[in-house]
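This structure is a prediction, so every number in the text was calculated from the model and none was measured.
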Amino acid sequence: ARRLEMQFFDVADGVAPWVAPGLGFGRIGNFINGELWGKTTSADAPWAVIVDGRARHPSQLYEAALEGVVLFVVLWWYSRLPRARGVVSGLFLLLYGIFRFTVEFVRLPDNGEYLAFGWLTYGQAYSVPMVLFGTFLIVNAQRRRADSQMADS
């Protein structure tokens, strides 16, 4: 960006949609490697996978779908619209944080330990700053755009 004399968020907004498929493929790799399984679920559940003789949520596939497919589609579509600089990056952080926070409810906590309240996982705690910073970026970018439009008129 510096060499081409581009703004940081012009580059970040352009790259953000393409990070999502990488996240999705990484989660598929977690599934293939037998990592990060979900909590137990009903053996009758059509989405259940059997791990160590127990029916479990395939939380890696939930994350692959949300963080890989849904996140890519939303960001790609939104990045093609007229928008304020930094909004796509903020939307990436906001949605990635929300998706990860949500899936953590059906995923086994890392090392079998909750961080707090008997339900808050480390992944959820890591997601909160992403949601907050993503919201900040979106609000700040929209405010700058509105201020710029008012100055132009």
Side-chain angles (χ1 to χ4, degrees), residues 1-39 41 47 49 51 56-117 119-153:
R2 283 187 189 150
R3 188 168 31 97
L4 298 174
E5 297 179 10
M6 294 177 67
Q7 295 280 330
F8 172 80
F9 281 111
D10 287 337
V11 174
D13 286 353
V15 170
W18 301 103
V19 173
L23 292 169
F25 288 125
R27 295 305 183 181
I28 291 170
N30 292 142
F31 181 79
I32 292 168
N33 289 333
E35 306 164 335
L36 311 174
W37 289 109
K39 295 176 181 176
T41 188
W47 58 82
V49 291
V51 179
R56 295 196 176 276
H57 286 279
S59 60
Q60 318 93 320
L61 298 182
Y62 301 161
E63 288 184 297
L66 289 171
E67 298 168 7
V69 178
V70 174
L71 188 59
F72 171 76
V73 169
V74 170
L75 293 176
W76 181 80
W77 171 78
Y78 195 78
S79 69
R80 300 179 59 79
L81 300 174
R83 71 207 177 285
R85 178 182 291 135
V87 172
V88 175
S89 298
L91 191 58
F92 170 85
L93 289 171
L94 175 67
L95 292 178
Y96 178 54
I98 289 171
F99 293 158
R100 184 166 179 192
F101 191 94
T102 303
V103 173
E104 287 284 322
F105 282 111
V106 296
R107 191 178 136 208
L108 290 172
D110 296 333
N111 302 324
E113 299 175 7
Y114 290 100
L115 182 62
F117 314 117
W119 61 266
L120 184 71
T121 67
Y122 285 93
Q124 288 171 319
Y126 299 147
S127 297
V128 170
M130 283 191 284
V131 169
L132 294 175
F133 190 57
T135 302
F136 169 79
L137 287 176
I138 293 167
V139 169
N140 195 41
Q142 298 288 35
R143 188 175 297 140
R144 279 193 326 265
R145 184 176 192 192
D147 290 347
S148 173
Q149 288 174 344
M150 286 182 62
D152 290 343
S153 56

For the [atom1] atom of [X] and the [atom2] atom of [Y], what is their distance to the nearest 0.5 Å?
{"X": "Arg107", "Y": "Arg56", "atom1": "CZ", "atom2": "CZ", "result": "12.5 Å"}
{"X": "Tyr126", "Y": "Thr121", "atom1": "OH", "atom2": "OG1", "result": "9.5 Å"}
{"X": "Phe99", "Y": "Leu23", "atom1": "CZ", "atom2": "CG", "result": "11.5 Å"}
{"X": "Leu132", "Y": "Ser127", "atom1": "CG", "atom2": "OG", "result": "10.5 Å"}

Has Asn33 got a side-chain atom pairing as donor or acceptor with Gly29's backbone, closer than 3.5 angstrom?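 At least one qualifying donor-acceptor pair exists.
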Just by distance, do the side chain of Ser79 and the backbone of Gly14 share a donor-acceptor pair under 3.5 Å?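 A pair under 3.5 Å: no.
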Do [X] and [Y] make a side-chain contact, defined as non-hydrogen atoms from C-beta onward lying under 4.5 Å apart?
{"X": "Pro17", "Y": "Arg80", "answer": "no"}
{"X": "Leu137", "Y": "Phe9", "answer": "yes"}
{"X": "Tyr122", "Y": "Tyr114", "answer": "no"}
{"X": "Val131", "Y": "Phe101", "answer": "no"}
{"X": "Tyr62", "Y": "Thr102", "answer": "no"}

Check the orientation of Trp119 and Phe105. Use parallel for under 30°, tilted for 30 to 60°, and perpendicular for over 60°.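 Ring orientation of Trp119 relative to Phe105: parallel.
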Do the rings of Trp47 and His57 sit parallel, tilted or perpendicular, given the 30° and 60° boundaries?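 Parallel.
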Over all atoms of both residues, closest heavy-atom pair of [X] and [Y]:
{"X": "Leu36", "Y": "Ser59", "answer": "O-OG, 2.7 Å"}
{"X": "Arg100", "Y": "Gly123", "answer": "NH2-CA, 3.6 Å"}
{"X": "Ala141", "Y": "Ala84", "answer": "O-CB, 3.4 Å"}
{"X": "Ala16", "Y": "Leu75", "answer": "O-CD1, 3.8 Å"}
{"X": "Leu93", "Y": "Phe133", "answer": "CD1-CD2, 3.5 Å"}
{"X": "Gly38", "Y": "Leu108", "answer": "O-CG, 3.7 Å"}

Using a 6.0 Å cut-off, check whether atom CZ of Arg143 has over 12 heavy atoms from anything other than its own residue.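 Not buried by this count: 12 neighbours or fewer within 6.0 Å.
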Can you pull out every salt bridge (Lys or Arg N to Asp or Glu O under 4.0 Å) where at least one residue sits in residues 15-26? Sequence neighbours excluded, please.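 Sorted result for residues 15-26: empty, none.
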Which pairs, with at least one residue in residues 12-35 and sequence neighbours excluded, count as a salt bridge (Lys or Arg N to Asp or Glu O under 4.0 Å)?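 For residues 12-35, and leaving out neighbouring residues, the salt bridge (Lys or Arg N to Asp or Glu O under 4.0 Å) pairs sorted by first residue read Arg27-Glu63, Arg27-Glu67.
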Please list, chain by chain and in numerical order, all residues satisfying salt bridge (charged side-chain N to carboxylate O under 4.0 Å, His left out) with Arg85, sequence neighbours excluded.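 Checked Arg85 against salt bridge (charged side-chain N to carboxylate O under 4.0 Å, His left out); matches are Asp10.
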Should Phe31 and Trp37 be marked as a side-chain contact (heavy atoms from CB on, under 4.5 Å) after you check the CA-CA gap, both sets of side-chain angles, and the distance that decides it? CA-CA 8 Å; Phe31 181 79; Trp37 289 109; 3.6 Å; yes
